[in-house]
Protein chains: 2
Amino acid sequence: MSEKDDFDLQLFLPYLLNQAAEASSLAFNQIYKNRYGMLRTEWRVLFHLGIYGTLTAKEIGARAKSHKTKISRAVAALEGRRYLKRARRENDRRVEALELTALGTSVYNELREEARRYDSALSDQMSAEERDVLRKLLLRLSRS
Amino acid sequence: MSEKDDFDLQLFLPYLLNQAAEASSLAFNQIYKNRYGMLRTEWRVLFHLGIYGTLTAKEIGARAKSHKTKISRAVAALEGRRYLKRARRENDRRVEALELTALGTSVYNELREEARRYDSALSDQMSAEERDVLRKLLLRLSRS
DNA sequence: AAGTATTAGTTGATTTTGTAACTAACAACC
DNA sequence: GGTTGTTAGTTACAAAATCAACTAATACTT
């Protein structure tokens with residue numbers, strides 16, 4: 001590729017991680033977007049509630065490392081679609097406990113199965129040990 | 001963390017990759033953003049030109065897997081900052097050859113050193129073998 | 001108990017991205 | 001050689017993300 005400089009952008013971790021992240025989530029994006037009209041933050045909120053049951057907006061934001069305005073708008077969108085319901089905490093009325101409705105739960109269950117299939121397809125591209133190393137390192141990088 | 005569901009979002013590759021990509025590029029983003037007022041696509045274009053010398057907008061888009069409108073705007077911004085110059089190809093006047101100016105090159109050189117340091121700091125979090133496995137798998141995922 | 005500070009969440013303005021329609025230059029076909 | 005199709009790049013408009021200012025509720029402080 002006739003480089004005039006020996007820096008290898010393809011191996012620069014922040015760039016490489018972004019490329020891999022984008023490429024490997026493209027097809028999954030299409031599923032929640034085209035099939036359910038959801039945005040990225042919306043499926044993340046849906047998944048957090050599906051997995052953990054009940055959370056506040058703040059807790060979701062902390063876990064997903066997303067800004068509260070993004071969460072707020074995603075929650076409003078999911079509520080509009082009747083995927084979740086809010087309940088003010090009586091002991092602290094600033095806080096609202098978020099929980100999936102039956103409809104939201106069924107959508108979550110469908111998407112979770114898609115996610116499982118999708119993840120398997122990606123994992124099939126590597127050996128079990130490679131997959132473990134990859135996950136371990138990605139977790140480490142996520143925390144740093 | 002009292003899950004009511006056994007799906008592990010933290011291990012779902014598209015999510016994990018995104019979290020790792022975001023976390024591990026955060027501090028580098030600050031450098032090109034705060035120090036040079038550049039956007040993500042802008043430093044990518046700068047790096048491509050720094051590494052390969054002369055490219056067209058289309059070639060950069062293909063390499064970086066970015067849409068042509070993003071490239072077009074990044075090129076206009078870099079040109080406005082006098083980091084690059086354009087030259088119409090005489091044999092095909094639709095195409096413009098892009099090349100860094102002396103100023104652009106010096107900014108590239110500085111940022112490349114930052115990138116090297118930054119990448120080393122990230123790589124120091126893992127063994128040499130782990131780093132190689134990580135890069136290999138990320139490259140594989142980028143292409144799929 | 002009043003005043004100040006903090007916290008959870010929302011809203012509005014600005015910036016950035018994505019999508020689609022466009023211009024200009026070239027290619028191919030009849 | 002004129003019509004049709006394609007390609008490189010730009011522009012205009014819509015969707016989304018970011019940032020700052022805001023409301024409402026609670027906590028601290030004196």
Side-chain angles (χ1 to χ4, degrees), chain A residues 18-19 21-23 25-27 29-30 32-34 36-46 48-49 54-81 84-99, chain B residues 18-19 21-23 25-27 29-30 32-34 36-46 48-49 54-81 84-99:
Chain A
N18 262 290
Q19 297 290 124
E22 252 179 62
S25 49
L26 200 72
N29 293 176
Q30 299 307 310
Y32 61 73
K33 192 178 163 201
N34 297 337
Y36 301 98
M38 273 194 268
L39 256 32
R40 179 180 299 212
T41 311
E42 293 168 25
W43 85 254
R44 286 186 179 175
V45 168
L46 185 87
H48 276 91
L49 294 175
T54 301
L55 291 172
T56 69
K58 195 195 177 185
E59 288 165 341
I60 298 174
R63 277 172 201 284
K65 294 187 187 70
S66 309
H67 196 265
K68 59 184 181 172
T69 60
K70 260 201 314 197
I71 302 293
S72 172
R73 288 189 242 255
V75 167
L78 292 174
E79 187 188 32
R81 234 178 259 119
L84 66 77
K85 55 185 189 300
R86 320 186 191 218
R88 285 245 169 248
R89 286 251 171 90
E90 275 316 312
N91 52 335
D92 184 346
R93 305 189 32 73
R94 288 171 301 186
V95 178
E96 11 183 60
L98 304 170
E99 203 178 348
Chain B
N18 263 292
Q19 296 291 123
E22 252 179 63
S25 49
L26 200 72
N29 293 176
Q30 299 307 310
Y32 62 72
K33 192 179 163 196
N34 297 339
Y36 301 99
M38 273 194 269
L39 256 30
R40 179 179 299 209
T41 312
E42 293 169 24
W43 83 256
R44 286 186 179 177
V45 168
L46 185 87
H48 276 91
L49 294 175
T54 301
L55 291 172
T56 68
K58 194 194 178 186
E59 288 165 341
I60 299 174
R63 278 172 200 283
K65 294 188 188 71
S66 310
H67 196 266
K68 60 184 181 171
T69 61
K70 261 204 309 201
I71 303 293
S72 172
R73 290 190 249 248
V75 166
L78 293 173
E79 186 187 32
R81 236 177 259 119
L84 66 77
K85 56 184 189 299
R86 319 186 192 217
R88 286 245 169 249
R89 287 250 170 91
E90 276 316 313
N91 52 334
D92 183 347
R93 304 186 35 73
R94 287 170 302 186
V95 179
E96 15 185 58
L98 304 169
E99 204 177 350

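Convention: sequence-line order gives letters A, B, ...; per-chain numbering from 1.
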Among A:Ile60, A:Ile71, A:Val75, A:Thr69, which residue satisfies the side chain to side chain contact (heavy atoms under 4.5 Å, CB included) criterion with A:Thr41? A:Ile71
May I ask you to say what B:Thr41 touches in the nucleic acid, namely base, sugar-phosphate or nothing, with a heavy-atom cut-off under 4.0 Å? nothing
Within the structure provided, determine whether B:Leu46 and B:Arg81 are in side-chain contact (heavy-atom separation under 4.5 Å). no
Could you grab the distance from atom OG1 of A:Thr54 to atom CG of A:Leu98, nearest 0.5 Å is fine? 8.5 Å
For the atom pair CZ (A:Arg44) and CE (A:Met38), what is the distance rounded to the nearest 0.5 Å? 13.5 Å
On DNA chain D, nearest-nucleotide positions of A:Asp92 versus B:Val75: which is more 5'? B:Val75
Rounded to whole angstroms, how far apart are NZ on A:Lys70 and C1' on C:dA8? 18 Å
Between C:dA8 atom C1' and A:Leu55 atom CG, what is the distance in whole Å? 15 Å
Touch class at under 4.0 angstrom, heavy-atom based, for B:Ile71 against every strand present: nothing
Take the C1' atoms of the five end pairs on each side of the helix from C:dA1-D:dT30 to C:dC30-D:dG1, get both axes, and report the angle to 10 degrees. 10°
Should B:Lys33 and B:Trp43 count as side-chain neighbours, where that means a heavy-atom distance under 4.5 Å? no
Would you say that A:His48 contacts A:Arg63 through its side chain, given a criterion of any heavy-atom pair below 4.5 Å between the two side chains? yes
Spacing between B:Met38 atom CE and C:dT15 atom C1', to the nearest angstrom: 18 Å
No-H, no-angle donor-acceptor pair, A:Arg40 side chain to C:dG18 base, under 3.5 Å: no
Could you work out which one of C:dT10, C:dT7, C:dA20 sits closest to the side chain of A:Ser72? C:dT10
Applying side-chain hydrogen bond (donor to acceptor under 3.5 Å, both in side chains), name anything that partners A:Arg86, two or more places apart in sequence or on another chain. A:Glu79, A:Glu96
Could you point out which residue of A:Glu22, A:Lys65, A:Arg40 forms a side-chain hydrogen bond (donor to acceptor under 3.5 Å, both in side chains) with B:Asn18? A:Arg40
So where does chain A start and stop touching DNA chain D, 5' to 3', when the test is distance under 4.0 Å to a non-hydrogen atom? D:dA16 to D:dT26
Take the protein atom NE2 of A:His67 and the nucleotide atom P of C:dA8, then report the distance between them rounded to whole Å. 13 Å
Quickly work out the B:Leu39 CG to C:dG18 C1' distance and round it to whole Å. 15 Å
Length of the line joining A:Asn29:CG and C:dT17:P, which is rounded to integer Å: 17 Å
Expected output: side-chain A:Ser72 to main-chain A:Lys68 donor-acceptor under 3.5 Å: no
Any side-chain N or O of A:Lys68 under 4.0 Å from OP1/OP2 of C:dA8? no
Specify the residue among A:Val95 and A:Thr69 whose closest nucleotide of DNA chain C lies further upstream toward the 5′ end. A:Val95
Note: for A:Asn91 and B:Arg86 on DNA chain D, the residue whose nearest nucleotide lies more 5' is B:Arg86
